[in-house]
Amino acid sequence: MERVAVIDFETTGLSPGHGDRATEIAAVLVEDGKVVARYQSLMNAGMRIPAFITGLTGISDAMVRSAPPAAKVMREVANFVGDTPLVAHNASFDKKFWDAELALIERVRAQEFACSMLVARRLFPQAPSHKLGVLIEFTSLPVAGAYHRALADAEMAASLLVRMEAEICRRYQVADVTHALLRDIQGRPKHALDDCLERYQQTRT
DNA sequence: TGCCAGGCCCTCTTTAGGGCCTT
């Protein structure tokens with residue numbers, strides 16, 4: 001697969017449209033099934049962190065207060081990933097924050113997102129749930145660190161992605177899985193996975 | 001003061017409702 005960047009945000013809440021901001025970002029570059037580079041930073045957006053979020057993530061007001069400004073971190077991580085295609089677990093969430101935080105530094109996203117959760121729902125419909133942690137356990141992948149910290153979650157989403165690529169190659173006898181194919185799979189009705197991959201096979205032979 | 005997401009996907013559907021998933 002071509003190089004992709006798997007990203008994960010920790011935030012003060014669920015919606016940048018209602019004033020929520022990022023508190024931490026991680027991005028890992030995945031190439032040939034391996035993580036080849038990592039970026040991770042807490043970021044200070046000047047927001048109080050709700051107690052519930054501190055309980056969930058372990059990220060406190062004190063940690064964020066001593067972190068670099070959000071604008072500096074977003075410039076760094078945007079430069080780090082460049083125009084590499086993006087992947088996130090439940091990408092609709094990370095896409096909202098990526099676009100919102102970039103807009104604050106007057107930058108615009110240059111690439112598409114693919115969603116590891118939507119692909120997993122199609123590839124592993126029998127999984128007990130499609131939360132990242134459950135899928136890591138379901139696929140017997142190693143836990144990379146504390147859940148709900150950006151780098152650990154990005155690393156685990158990356159390993160899940162690599163596992164799913166291998167599964168697609170094995171199950172459908174294709175040699176390569178592109179970012180475009182992931183987006184094709186996630187955009188199709190769940191029952192149409194076989195149809196999608198059959199057509200992909202035809203384009204590669 | 002108190003409110004507060006939204007896209008996906010199933011079904012007892014499509015003139016809708018509710019669970020899942022992210023923090």
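On a predicted model such as this, the values are computed, not experimentally measured, just so you know. Any value given below was found using the heavy atoms of this structure, including those in side chains, with hydrogens, waters and symmetry copies removed.
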[N], OP1 or OP2 - any side-chain N/O from [X] closer than 4.0 Å?
X	N	answer
A:H89	B:dC21	no
A:R122	B:dC9	yes
A:H130	B:dC20	no
A:S15	B:dG6	no

Interatomic distance, [X] [atom1] vs [N] [atom2] [rounded to whole Å]:
X	N	atom1	atom2	answer
A:I136	B:dC21	CD1	C1'	15 Å
A:D94	B:dC21	CG	P	15 Å
A:M117	B:dT22	CE	P	7 Å
A:F97	B:dG7	CZ	C1'	15 Å
A:L135	B:dC21	CG	P	8 Å
A:Q186	B:dC21	CD	P	16 Å
A:L14	B:dT23	CG	C1'	5 Å
A:D153	B:dT22	CG	C1'	10 Å

Counting the atoms with a prime plus P, OP1 and OP2 as sugar-phosphate, which does [X] contact under 4.0 Å by heavy atoms, base, sugar-phosphate, or nothing?
X	value
A:D8	sugar-phosphate
A:F9	sugar-phosphate
A:T12	nothing
A:T57	sugar-phosphate
A:G13	base

With a 4.0 Å cut-off on N to O distance, would you call [X] and [Y] a salt bridge?
X	Y	result
A:D184	A:R188	yes
A:E76	A:K72	yes
A:E24	A:R149	yes

**Asked** Does a donor on one side chain sit under 3.5 Å from an acceptor on the other, for A:N79 and A:R107?
**Response**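 Side-chain D/A pair, A:N79 to A:R107: present.
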Between [M] and [N] - [atom1] atom distance, rounded Å:
N	M	atom1	result
B:dC10	B:dT23	C1'	25 Å
B:dT14	B:dC9	C1'	14 Å
B:dT13	B:dG19	C1'	15 Å
B:dA16	B:dC12	C1'	11 Å
B:dT1	B:dG7	C1'	30 Å

From [options], nucleotide with atom closest to [X] side chain:
X	options	answer
A:N90	B:dT23, B:dC21, B:dC4	B:dC21
A:R121	B:dA5, B:dC8, B:dG6	B:dC8
A:K96	B:dC8, B:dT23, B:dG6	B:dG6
A:F52	B:dT23, B:dT22, B:dG7	B:dT23

**Prompt:** A:E165 side chain to A:M1 main-chain N or O, any donor-acceptor pair under 3.5 Å?
**Reply:**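 Answer holds: no.
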**Request:** Ignoring hydrogens and angles, tell me if any N or O in the side chain of A:D61 forms a donor-acceptor pair with the backbone of A:I49 under 3.5 Å.
**Result:**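 Indeed, once roles are kept as given, a pair shorter than 3.5 Å links the two residues.
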**Request:** Before giving the answer on side chain to side chain donor-acceptor pair (under 3.5 Å), spell out for A:D20 and A:S15 the whole-Å C-alpha distance, their side-chain angles and the decisive distance to 0.1 Å.
**Result:** CA-CA 5 Å; A:D20 289 320; A:S15 176; 5.3 Å; no
**Message:** Reading DNA chain B from 5' onward, which residue's closest nucleotide shows up sooner: A:L118 or A:I53?
**Reply:**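 Closest to the 5' end, via its nearest nucleotide, is A:L118.
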**Asked** Taking for each residue the nucleotide of DNA chain B with the nearest heavy atom, is it A:T11 or A:G17 whose nucleotide lies nearer the 5' end?
**Response**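 Mapping each residue to its closest nucleotide by heavy atoms, the 5'-most match is A:G17.
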